[in-house]
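Below is one structure, written out as structure tokens, with a few remarks after it.
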Number of protein chains: 2
Amino acid sequence: MAGKELLDERQEMGEGPWDPYTRDCPTRQVLDRIGDRWTVLIVGSLSGGTLRFSEIRKTVYGISQKMLTQTLRGLERDGLVTRTIYPQIPPKVEYQLTPAGATLVPLLGSLQEWAKEHMSVIIDARNEYDQSESA
Amino acid sequence: MAGKELLDERQEMGEGPWDPYTRDCPTRQVLDRIGDRWTVLIVGSLSGGTLRFSEIRKTVYGISQKMLTQTLRGLERDGLVTRTIYPQIPPKVEYQLTPAGATLVPLLGSLQEWAKEHMSVIIDARNEYDQSESA
DNA sequence: CGGAATCCATAACGATACTG
DNA sequence: CAGTATCGTTATGGATTCCG
């Protein structure tokens, strides 16, 4: 998504291309894909089954039409979502997770679970930190 | 990290505050925390044990001094990392994952594993998509 | 050494208007 | 309905300089 002309120097260190601390390591690639504000929410909304554009828009609170289009295009491009156009008037377009896209769902589950378990502690720590520094 | 004065309308839909499709749901909170380019890489680098500032900088390829400082402060604020200052000249500062921070590590492992398994398929789909549309 | 502060480029995003 | 196009704003992050 960002930077592609930066890869010049280095590249050989650690344990090769899987080394999480080189550029273009898989971790970075994944984060560039799912690390935005909307991707995982859209994948989550599609985890229940096929939805059309306006339905996704309704379930993912606050997303703009532009970001929904853009994010869905990215997911389609990466083979994580299929886009089916029904040539009617008015148009109807359905989105569905591919098998590859579906493998993301459990991962998001873990993410969400972690969030539920640790969120309160994090919020507390944050408030405490903010208080002690504004003193 | 972003938006905090947007929360006004709505807020009551779905199944309450844990509903992933409301604002401020845990999933969004987590993504705002770990969804940037550097957080998980830093957590990963600290998963092996305590490191000092310059050491992290060396292992996380491409990070600027500004972003390292900024990200570490965020992690400290959220109680995921401790910061220990040794009052010497020249200064020495050590960073270490807290127990809460350490619970993030397995999650990152899953992320990385998913990346390794699916990256090639995604790259292929992407290339194919790009080719067929530029035709 | 480990920052803080400033400046600046760009990328992300929202709002709005228009279209097949 | 499901987009595309354009614009303006804000967020993000790099480079540089300075400091205890």
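To find a chain, count down the sequence lines: A is the first, B the second, and so on, and within it residues start at 1. These values consider heavy atoms only, across backbone and side chains, with no hydrogens, waters or symmetry-generated copies.
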Among [options], which nucleotide sits nearest the side chain of [X]?
X     : options               : value
B:R37 : C:dG14, D:dG13, C:dG2 : D:dG13
A:F53 : C:dG2, D:dA2, C:dG14  : D:dA2
A:S54 : D:dG3, D:dA2, C:dC1   : D:dA2
A:P90 : D:dC1, D:dG20, D:dG14 : D:dC1
A:K66 : D:dG3, C:dG14, D:dA2  : C:dG14
B:M67 : C:dC13, D:dG3, D:dG14 : D:dG14
A:T69 : D:dC1, D:dG14, D:dT4  : D:dT4

Practice item. Pick base, sugar-phosphate or nothing for A:Y86, based on heavy-atom distances below 4.0 Å to the nucleic acid. Key: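 No contact.
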Exercise for review: Would you mind classifying the nucleic acid contact of A:R83 as base, sugar-phosphate or nothing, using non-hydrogen atoms under 4.0 angstrom?
Suggested key: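 A:R83: backbone/sugar contact only, no base atoms under 4.0 Å.
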Exercise for review: With sequence neighbours left out, write down each residue that passes side-chain contact (heavy atoms from CB on, under 4.5 Å) with A:T103, or none if nothing qualifies.
Suggested key: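 In terms of side-chain contact (heavy atoms from CB on, under 4.5 Å), with neighbours along the sequence ignored, A:T103 is linked to B:W114, B:H118.
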Would you say [X] reaches [N]'s phosphate, i.e. side-chain N/O to OP1/OP2 under 4.0 Å?
X     : N      : value
A:R57 : D:dG3  : no
B:S64 : D:dA15 : no
A:Y95 : D:dC1  : no

Take atom [atom1] of [X] and atom [atom2] of [N], then tell me their distance rounded to the nearest Å.
X     : N      : atom1 : atom2 : result
B:I63 : D:dG13 : CD1   : C1'   : 10 Å
B:Q70 : D:dA15 : CD    : C1'   : 15 Å
B:L51 : C:dG2  : CG    : C1'   : 15 Å
B:L68 : C:dA4  : CG    : P     : 11 Å
A:I89 : C:dT19 : CD1   : P     : 16 Å
B:Q88 : C:dG3  : CD    : P     : 13 Å
B:W38 : D:dT12 : CH2   : C1'   : 12 Å
A:I42 : C:dC13 : CD1   : C1'   : 13 Å

Review point. Is any side-chain N or O of A:Q65 under 3.5 Å from a base N or O of C:dA15, one able to act as donor and the other as acceptor?
Key: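 When only heavy-atom distances are counted, A:Q65 does not reach the base of C:dA15 through any donor-acceptor pair under 3.5 Å.
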**Study point:** With A:L97, the side-chain contact (heavy atoms from CB on, under 4.5 Å) member among A:V43, A:T82, A:L80
**Key:**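 Of the listed residues A:V43, A:T82, A:L80, the side-chain contact (heavy atoms from CB on, under 4.5 Å) partner of A:L97 is A:V43.
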Practice item. Give a yes or no on whether A:V121 and B:V105 share a hydrophobic cluster (residues Ile, Leu, Val, Met, Phe, Trp, Tyr; joining criterion: side-chain heavy atoms under 4.5 Å apart). Key: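 In one cluster: no.
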